[in-house]
Amino acid sequence: MPVYFLEIIVVALGLVMLMIDAFVKLEDKRSIAWLGMIGLAVVFGLLFAVKWPESTDGVFWQFYESGDSFSLYFKGIAIVATFLVLLMATIYTPIVVAQTARPEKDAHPQSGLGEFFALPMFACAGLMWMASANNLVSIFVSLETVTISFYIMVAYLRRNVGSLEAGVKYLILGALSTAFLVYGFAWLFGITGTMQLDGIKEALTSSDVNVTAALFAFALILVSLAFKVGGAPFHFWIPDVYQGAPTPITAFLSVGSKAAGFLVLLRLISPFLASDALVGKVTVVLGAIAFLTLLIGNLAALPQKNFKRLLAYSSVAHAGFLLMALACTPRASETAAGTSPAQVIAFYLGAYLLMTLLAFLVVTVIRSQMVSEEVDAFRGLAKRSPFLSLALLFAMASLAGIPLTAGFVGKFLVFKLAIEQEQWFLLVVGLIGAAAGFYYYLKIAASMYLATPAKDASTEPLQATMLTKTIMVILMVAIIVAGIAPNVIMGLFS
Amino acid sequence: MESAITLNHFLLVSGILFAIGLAGVLVRRNLIVIFMCLELMLAAANLTLVAFSRFNPVDGQPNYEGHVLLFFIITVAAAEVAVGLAIIVALFRSRETTDVTKINSMKY
Amino acid sequence: MTFLFYIFAALALIGGIGVVVNRNPVSAAFAMIVSFLGLAALFIQLDAYLVGILQILVYAGAIMVLFVFIIMLLDVEEEEKRRFPIIGITSSFGVAIAFTLLVSVILKRSEIGAKPLPKLAEVSGPGSSDVHRIGEMLFSQYWFPIQIVGVLLLVATVGVIVLSKKELR
Amino acid sequence: MLEIIVFLPILAALAIGLGAPARFTALGAAVITLILSLVAAIQFESNVEGMFQMGSDRPLLVMDGFPTLSLSFGVDGISLVLLLLSTLVLVAAVLVSPQESEIKGSSKLYYSSLLLIGGGAIGAFLSTDLFFLYAFHELALIPTFLMIGIFGKGEDRVKTAWTITIYLGVGSLILLVGLIMAVVGLGGTTFQIAELIAIAEDPESGIAAGDQTWIYLLLLIGFGILVSLFPFHSWAAPAYSQAPTPVAMLHAGVLKKFGLYGLIRIALPILPAGAESLANVVLILLLGNIIYLGLVTIAQKSLDRMLGYSSVMHMGYVFLGIVAANSIGVSGAVLLMFAHGVSIALLFALCGWMRDHFGTVKFEELGGIASKLPKLGLLFGFAAFAAAGLPGFANFAAEVAVFFGAFSGMGDQLGWIQWTTIIALWGVVISAVYMLRAYRNLFMGPVAPKMEIPTDLSWSTRLPLLLLLAALVAVGFVPELLNQFIRPGVDGLLPAVAG
Amino acid sequence: MDVNTLAWTVLLLPLFVAVSIVVGLKRWSGLSSLVSTGSALITLICCALMAGAEGDAKAFPWIELGTFRVDIGFQLDHLSKGMMLIVTSIGFLVHLFSLAYMKDDNGKSRYFAGLSLFMFSMTGIVLADNFVMMFIFWELVGVSSYILIGHWFHKESAADAAKKAFLTNKIGDFGFMIGILMVWILTGSIYFEEIKEAVGGGLNMTLLNIAVLLVFCGAIGKSAQLPLHVWLPDAMEGPTPVSALIHAATMVAAGVFMLARVVFLIEAAEMAAQVIAWIGAVTALVAALMALQQNDIKRILAYSTLSQLGYMVMAQGIGTPEGSDAGMFHLYTHAFFKALLFLGSGAVIYACHHEQDIWKMGGLRKKMPITFWTFALGTAALIAVPFTSGFWSKELILEEALHEGMHGPYVLAIIVAFLTPFYMTRLVIVAFFGKNRSDNADHAKEVGPIMWVPLAILAFMAIFSAYKPISGLLLANGYGSFGHLVEHFGLTAILSIIALIVGVAGAIFFYKGKDSDPINIPIFANRFKIDEFYIVLVRVFQDAVAAFLDIADRFIVDPIVARFPALSAMAAGQFLRVFQVGNVQAYAYFFGVAVLALIFYLIL
């Protein structure tokens, strides 16, 4: 099957879901989500049946990367993320229903829910396109598709002030970054005269490249992409938006948007890194951003008390590690021994997906049955719901980078890269960050296992469906397996 | 001969316009106006794009790829404005304000 | 030619400044339209007729109308005067001015733009207009992004509906 | 077979999590690993080419430009001794654990954490791949955190759990960096320890002396934190005094040895020049352990803290053997690791029993116990004498070897290490002082007035303790029992070491 | 039986007995005591057999690491064989005596296990052919001494005494171990025979002197020489038979034995030899002075032991094989008569219901005639009445000292020869003559045969052990003969006989018929306040420093190394949060500034 069918199927699925929502009377609109999940599962399976074309002469391939297992891998990440987001969305349904408008008398009690399930599908398609985009135009449009869907999804809870506030913040800053991106694209186009990444690379690596202008373009593009992935000091939106957004969407943001953002960052920056005239300053800047990101993300997470905010800072922190890997790109003139940053980033993102989504899945289950998202609300959870606590413990252990989990392998690879490239400053701050990570991730574990529950807290076990539990187990196993045998993930793209 | 208009002129105008937009984003407090300023920044970027297309011709014609990108930018901007205004309206409905400094319930 | 450039550039910039300094949102919107008109004229001066027209039709026409409409709808009032504006405003303007300076420095250093307007080859006949060319490119070469934009617009539509559905109070 | 030894405890932990009877499963798994490790000791051959025996290898990450990660296990004499230590202490630790019904909280969590701690240590000692050597050790981090935090004794248990976890976490991170630097410095082509050592021994491919110092410093700090080398020791005493008894036994007895094992197994052979250039620094630090912490130990007012500090103090002697970097000293260090592991586990077990039954282990609140509970008194006496390094117990043989190792190689002058040894010998007096004071205060003299008198140790309680004691005495009388393994192991490692 | 079997039997049988008592027999205390006594008898027989036999025993490799190798091996020469005879014979007698003395004790099994363990350890020291093995058993002797002193551990004083004895010994052992290490690196060996050969070659004399002195530290500790003598008087808290065996006859003599074993080292190191001789002599003097004013019968004997040990050490310090032999000779004779005196005092104490103050005894001569007469014979030997064993051996030491030109120590030794008769006569007069001064003494009656038979045997030995038939077994050549006396009759003999007469007469003059001590010299009674000084030393230099360091560890080291970094990270986190003001424009502002900075760096 041709590779571009994948997105088409996903979009079609999304449309079908919208149609069903509009025209079919459903008792429980969650069926729409189930449909979407089944569809996504099928698409995920189809990923392994993809055929690459013999020739890529057609106009289409100008916009669509070909023969690249990397892009398939990122599509996979997008699909898995969306799948889990839909799952979370079904769990989160009661809150969505309560927080959106109360419908007219004769309307469906779950009015407005169908779109909540359908929008992630379009975002997913956008992410998948992003994964394959190899042209400024296609990058721009797919990126914007994702961004605009996220504006909507973040602000989805119309009756919830937090959600709307998050939406506005995201909107303003997102648009700002888009403006910078566009300006940067304009300059890049001006310097190279082409929209093709291949052409851009060729132009930038030629000896008569206009260094000043190229660096200016680089700065503008970097700024906006750093914004997307949450690099400091462009990360300020993240905690606020993560906190306000509906929990499944927060998960989606932190994984899908970040993964795609990093892939685009890799794609757009690699021409600059390939140019000997530019690479020096470029890596310094990347290093500086990574440095700040690591520092701020990890340290500011230490005092956090709201769980989603904590995960937001954690997301920043992990962006720091990823940027650290990126900053450790070997110079083109050196023979690239060891792992390439791209591989490391890809692995890291895969691991990050597993652990973050597991964490969010648990949190969604908890949030759907408890009012608070404060860390203190988890007190004594271990006795109340041992399984959920264990799952969250796994997620936290992996995020903290405890060995034999996927998270550790990711950090290990990043550190190795930094040592190979002798990036000592980054290494030190990375260490500080990882150490801080032990604290703030284990804080959750401590709250669940060590603290006594509040006096008035319920002792009823939290409910989770069999499917949810199964998926949690799958994620836990995946975290461990990827931690012991990284080949399982690495094999997907190398 | 009069001093010719160079690419620099256009780029500078676009840069200044971009900066004006940025300044607007930073100083205005009305969400809608801020959003307008963001559009202004996009428009400024457009000018750069067109200027580059025109000054770096291909086969004696402007590089129309830039124009095409601009077309997409305008489209996307329109969609963004629609969505953005919808969000702002929704926020106004629940908060009765469009003052950006009052939208800070989540922090630290 | 040069004269016109300065006129229109000034128009665009003054319009822009008008957006920033007008405390009344409606005035700001109108200033924005002025700025866009100036920009459109600059586009046309760059032989980008389609783009210039689009700028007027879409931006100045559609989008700004939307803005004004919303401003009217929400009955937004003038911004209050800030209590401690000096530091915030100065530093914000400082950022903008610094950005401008940097751009000018870049222009000077890079010497990328130190070239006069190149002459275009004389082409005539059907299909020689830029509308034609761009249209052809969009719908042949760029069909794929167009499709994506289609999805984007769909999403935006759905989103706007979802977000502003009628609500019982 | 080694894979079975490594994974049996871990799988048993999993099984307990899935609902297997906790104590029974844990005990079964621990006993089987002990038996299997004894079998491994019997099958071990002293005169075999190659560094590791009974090896197994499963490549898990094969990637271009990246050294293969493989789950590979093997034993040499050193790791065999530590394997025996781990399995022995694990069995004892499981045996002294409270019955399932007595555990407030989850007995599943209790026993599976224990098994994970033990299994992690075993895995670390048996891994021949650097990555997994490191990774297995960290397996214990979270279980320890939970165990101390949930089941620990005392008000401060949560704080203590935090301290130990963060402290050791930081140590491991520093260590990780050091290890990666070493691997990268050696060409970054392999994680197999044996291959790394071979590369390091080749003068052309070894690491430059200047770099070695830095890497050794990192390893020293990293491993040092894990071993509670002065001044990175402040986590140890509170943690051990508040941890549940089996955790204190496993951690102080077994897990802590990982850092020393790492120094011997990795740092010494790969970074001989680094070890040499930093030898004097280590000497000063180890005196910090022996003298400074020895005196601090004397000042303690309760048994649990005293034992915690004493465990830290004795690490200094192991470091002395390591700094000596000759076959006598290093062998002595390995032997001391075993001896100290067993004896401190024994002491913690007794201390835990006392804490459970008297409700306190403060010196001033207890006294004259031996009059009422002679069995306890006798066992504690043995344990205390062992820990104080008296002949007849393994500790003595090991310490003697360490001292001789450290002293050898002197000409007509006393060098740094000899002076250090002389000062360190005073530590023997110090440890006798605090051990005897403790014994005097707790067991001798008139019976303390307010003390409740429980019944004496039962057979089932004594069994694990006697097991440990028997190991101590056997090795003490016939050190060759372990020496036969240690000797070829150390000889295999040390050709790289100068001197 | 060949020598190998004998040697191993002698070594291991007591261990086996000790272990079996601990493991299983302890429930049947009578059986335990009998087994233990029986094993003592067997070892005595074995030693007797071994003394006459020729041949070597096989060594057992204990530890082997590279060039370092320690065997459990035997050096069977006259020295060790003779010493073994002393140890086992006195050991057996003490076992026998204890059967009665400890008849009703609750911890009888433990007591006999301790005795057996002691026999094992002492045998190890005597038979060792290398330093490390000696050190092993050296420490074990300390352990068994600890166990036995602390036998009545529920008494505070006994518990403290046991601890004190052990720790004081440990301090000596600290030096001993360093000495061993230094000898090892100097000579490359820990085996006595190999060291002896190596000493012949040129060695670094400074280091050798230091090494020998350090080795001597071990002897200082074990033989309770100044300044580590403080533990021995306190050790009298143990059961009296223990005092007889361990703290009079054997263990404390181990230090002397060790010096005799390595006399070739002392010979080579002249400086060290001088120091050893002086320390021995000073100890003899100081201990004798302290003995003058003690009231506890066992303590008097303890100080007397110290004093006599001083003689022996001084003899080793002479640094010649002859001097060493003289020291050993005195060791042997002293072992018998001092064991006798202790057991005799034990009998007295036993009869007086554990009353130890001599001023509360009196008039026991009539009530306990056997005890009195044996005790008197022992005293005679101790105060060197001519023709008793003590006379011969002390004479020999003094002569050798004079002969080798050790004038200083010689003078001190002569002074001691005045003091010894004085305080011993005081003891006998106060305890056995006069009238009963307490109820306990009033009710005293003669002890049973199990107790007095050992006394009688020892009394015999106290007189005659210096004569050839017996001393020939113990030493290469016995000395006690008239011919010898005539041959060497000179200054020394005259002086010591004068000293004897003056001392005895003085004591009779002062103490005859007195009910309380007419002489009062507090500084002697307070033992020169050395114990108090040590207590202060320990409090200040150990406990205070330790307490200070404990506080420092909690409030300085831990905060600096751990808490401060952690807190500063947390503070940094709090600080970084401040930027997260929640206002979108602020974020945009940061965004803008960052962009500027970025561009500024990249372009300029």
Side-chain angles (χ1 to χ4, degrees), chain A residues 165-166 168-173 175-177 180 183-184 211-220 222-224 226-227 231-241 243 278 280-282 284-285 288-289 292 295-304 309 312-313 316 432-433 435-436 439-440, chain E residues 63-68 541-604:
Chain A
E165 182 178 328
V168 168
K169 283 180 178 173
Y170 189 31
L171 175 75
I172 302 285
L173 293 170
L176 186 66
S177 99
F180 276 96
Y183 197 40
V211 174
T212 315
L215 286 176
F216 184 54
F218 167 76
L220 296 169
L222 177 68
V223 162
S224 89
F227 171 85
F234 313 104
H235 69 284
F236 287 101
W237 61 281
I238 287 190
D240 296 5
V241 172
Q243 189 186 351
L278 308 174
K281 284 195 161 182
V282 166
V284 169
V285 166
I289 291 183
L292 274 180
L295 205 64
I296 293 177
N298 283 303
L299 293 184
L302 288 174
Q304 291 305 324
R309 252 183 126 71
Y313 280 106
V316 175
I432 294 173
Y439 175 75
Y440 60 79
Chain E
I63 194 169
E64 191 177 356
L65 298 165
T67 54
F68 176 65
F541 279 91
Q542 181 181 294
D543 295 356
V545 170
F548 169 74
L549 291 180
D550 183 39
I551 290 166
D553 196 49
R554 283 179 211 204
F555 297 102
I556 298 176
V557 175
D558 181 45
I560 289 178
V561 177
R563 308 275 163 221
F564 177 70
L567 281 179
S568 49
M570 184 59 99
Q574 292 283 14
F575 170 72
L576 288 171
R577 261 161 45 119
V578 169
F579 293 102
Q580 201 74 36
V581 290
N583 184 340
V584 138
Q585 264 179 328
Y587 299 167
Y589 180 71
F590 296 142
F591 194 115
V593 172
V595 170
L596 288 180
L598 210 62
I599 297 173
F600 190 82
Y601 168 75
L602 281 171
I603 309 306
L604 302 174

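Per chain, numbering begins at 1; letters A, B, ... match sequence-line order.
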Value for CG (L215(A)) from CD1 (I599(E)), rounded to nearest 0.5 Å, stands at 10.5 Å

Examine whether an atom of I432(A) lies under 4.5 Å from a heavy atom of chain E, and if so say whether it belongs to the side chain, the backbone or both; otherwise answer neither.
-> neither

For F575(E), is it the side chain, the backbone, both or neither that has a heavy atom under 4.5 Å from a heavy atom of chain A?
-> neither

Taking all heavy atoms of A572(E) and all of L299(A), pick out the closest pair and write down the distance.
-> CB-CD1, 3.8 Å

Do F236(A) and F591(E) have their ring centres less than 6.0 Å from each other?
-> no

Would I603(E) and F216(A) satisfy side chain to side chain contact (heavy atoms under 4.5 Å, CB included), going step by step from the backbone distance to the final call?
-> CA-CA 7 Å; I603(E) 309 306; F216(A) 184 54; 4.2 Å; yes

Name the region of I296(A), side chain, backbone, both or neither, that has any atom closer than 4.5 Å to a heavy atom of chain E.
-> both

Between L602(E) and A219(A), the two heavy atoms sitting closest are CD1-CB, 3.5 Å

Note: vs chain E, highest number of non-hydrogen pairs under 4.5 angstrom among P233(A), A435(A), A436(A), P239(A) is P239(A)

All heavy atoms of L176(A) vs all of A588(E), minimum pair found to be CD2-CB, 4.0 Å

Option in V578(E), L598(E), V593(E), V581(E) with maximal non-hydrogen atom pairs under 4.5 Å from chain A | L598(E)

Return one line per donor-acceptor pair between chain E and chain A under 3.5 Å, naming both atoms and the distance rounded to 0.1 Å.
residue: Q580(E); atom: OE1; partner: Y313(A); partner atom: OH; Å: 3.4
residue: Q580(E); atom: NE2; partner: F236(A); partner atom: O; Å: 2.5
residue: G582(E); atom: O; partner: K169(A); partner atom: NZ; Å: 2.8
residue: Y587(E); atom: OH; partner: D240(A); partner atom: OD2; Å: 2.5
residue: Y601(E); atom: O; partner: K281(A); partner atom: NZ; Å: 3.2
residue: L602(E); atom: O; partner: K281(A); partner atom: NZ; Å: 3.2
residue: L604(E); atom: O; partner: K281(A); partner atom: NZ; Å: 3.1

Less than 4.5 Å apart, any side-chain heavy atom of V168(A) and any of V584(E)?
-> no

